[in-house]
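Below is one structure, written out as structure tokens; comments come after it.
These numbers come from the heavy atoms of this one structure, side chains and all, not from hydrogens, waters or symmetry mates.
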Amino acid sequence: MSIVTEKRLKDRSGSVCEISGSDENLVVYIVEPKTDAIPENCILITKSLRDQIENKDLMNANDWRGLSDSMWNENLPVQIVSWRMLARLKNHDLLEMMYLDEDALEWAKATGEDEDEDGKIIHKDSNGNILLDGDSVVLIKDLDVKGATFTAKRGAAVHNIKLVWDNANQIEGRVENQHIVILTQYVKKTK
């Protein structure tokens, strides 16, 4: 993580969590699906809240009381996280008060927080790891590419994947300079 980004976030927030206002155990969180660690894509947040964002099983609604203030923050990444957590907590009263322009709303909805669990399409690799736009994967077997004259070889890295939003079993990526659709059962997420 960039020291410059962390310093700019601390300057922007007054060295407190941009959601709760706490000054303890602060970390930089890149708001998905963004991947660049620049202030325009990040928030300063407590480690506990970041862990709850990343793992719904750890959610504690009392820890998110600051959302009624953070939803009005002038910084878009803070608004996005506030919108997502309000959606996860099903706080429709506060959600209805928020205004996000079309691009911001698309960013906020990118993780599917506003969808019911039954309707949410979740892409998983061959090991059950959740895949997100921008992830890198490795092919776990040789794949014949339909309509092309090559075989995508096992071990080939595919960077900056795009999810096929209406099909949990497919992702898109570039292999040997060709844009192809790949079945998720044949890939493994890399860190």
Side-chain angles (χ1 to χ4, degrees), residues 1-2 4-6 9 27-43 45 50-59 75-88 100-191:
M1 189 63 53
S2 164
V4 173
T5 295
E6 186 172 351
L9 289 174
V27 295
V28 174
Y29 174 70
I30 302 173
V31 182
E32 297 174 338
K34 306 291 186 183
T35 57
D36 295 330
I38 58 174
E40 295 78 14
N41 295 341
C42 301
I43 66 170
I45 192 167
R50 185 209 53 202
D51 293 346
Q52 291 180 50
I53 291 170
E54 294 175 347
N55 184 349
K56 290 182 183 183
D57 295 337
L58 300 176
M59 279 298 289
N75 298 293
L76 187 56
V78 179
Q79 294 173 26
I80 299 299
V81 170
S82 298
W83 188 95
R84 287 178 182 173
M85 293 302 100
L86 289 169
R88 184 183 291 181
L100 296 175
D101 66 31
E102 193 174 313
D103 291 339
L105 190 58
E106 184 178 328
W107 182 11
K109 289 183 175 185
T111 58
E113 287 297 341
D114 62 320
E115 299 174 16
D116 292 332
E117 289 301 314
D118 295 340
K120 194 182 293 186
I121 293 178
I122 299 179
H123 295 72
K124 294 185 179 183
D125 72 359
S126 60
N127 294 329
N129 297 313
I130 294 176
L131 298 171
L132 301 171
D133 271 341
D135 280 346
S136 293
V137 296
V138 173
L139 301 179
I140 60 169
K141 78 176 257 183
D142 289 350
L143 301 174
D144 290 329
V145 181
K146 293 181 181 175
T149 58
F150 72 96
T151 299
K153 297 292 184 191
R154 178 179 158 195
V158 183
H159 301 288
N160 198 23
I161 65 167
K162 299 288 179 225
L163 305 179
V164 175
W165 287 102
D166 60 350
N167 188 333
N169 299 316
Q170 296 178 346
I171 59 171
E172 297 176 358
R174 293 189 82 70
V175 176
E176 294 188 22
N177 287 327
Q178 293 240 348
H179 184 82
I180 63 171
V181 175
I182 307 165
L183 296 178
T184 57
Q185 67 192 34
Y186 301 126
V187 301
K188 179 175 69 173
K189 184 175 180 176
T190 59
K191 296 294 176 200

Output, in order, the C-alpha distance, side-chain angles, deciding distance and verdict of side chain to side chain contact (heavy atoms under 4.5 Å, CB included) for R84 and V31.
CA-CA 10 Å; R84 287 178 182 173; V31 182; 3.5 Å; yes
Rounded to the nearest 0.5 Å, how far apart are [atom1] of [X] and [atom2] of [Y]?
{"X": "Q170", "Y": "L163", "atom1": "CD", "atom2": "CG", "result": "11.5 Å"}
{"X": "K56", "Y": "M59", "atom1": "NZ", "atom2": "CE", "result": "9.0 Å"}
{"X": "Y186", "Y": "D142", "atom1": "OH", "atom2": "CG", "result": "12.0 Å"}

Which atom names give the shortest non-hydrogen contact between [X] and [Y], and what distance separates them?
{"X": "L76", "Y": "A104", "answer": "CD1-CB, 3.6 Å"}
{"X": "L131", "Y": "T184", "answer": "CD1-CG2, 4.0 Å"}
{"X": "W107", "Y": "I80", "answer": "CE3-CG1, 3.6 Å"}
{"X": "N167", "Y": "H123", "answer": "O-NE2, 2.9 Å"}
{"X": "A108", "Y": "W83", "answer": "CB-CE3, 3.5 Å"}
{"X": "F150", "Y": "V175", "answer": "CZ-O, 3.6 Å"}

Spell out, as yes or no, whether a donor-acceptor pair under 3.5 Å connects the side chain of N75 to the backbone of P77.
no
Are the side chain of T35 and the backbone N or O of G134 linked by a donor-acceptor pair below 3.5 Å?
no
Measure the shortest side-chain to side-chain distance between [X] and [Y] over non-hydrogen atoms and say whether it is less than 4.5 angstrom.
{"X": "K162", "Y": "N160", "value": "yes"}
{"X": "P33", "Y": "L132", "value": "no"}
{"X": "V27", "Y": "I45", "value": "yes"}
{"X": "I53", "Y": "V81", "value": "yes"}
{"X": "L139", "Y": "V187", "value": "yes"}
{"X": "N127", "Y": "K189", "value": "no"}

Would you please say whether a donor-acceptor pair under 3.5 Å links the side chains of T151 and D144?
yes
Quick one: which residue pairs count as a salt bridge (charged side-chain N to carboxylate O under 4.0 Å, His left out) with a foot in residues 30-43, not counting sequence neighbours?
R8-E40
Using the rule given for side chain to side chain contact (heavy atoms under 4.5 Å, CB included), can you reason through V158 versus R174, listing the C-alpha separation, both sets of side-chain angles and the distance that settles it, and then say yes or no?
CA-CA 6 Å; V158 183; R174 293 189 82 70; 5.8 Å; no
Knowing that exactly one of D125, L183, I161 qualifies, which makes a side-chain contact (heavy atoms from CB on, under 4.5 Å) with I171?
I161
Flag if over 12 foreign heavy atoms under 6.0 Å of CZ, R154:
no
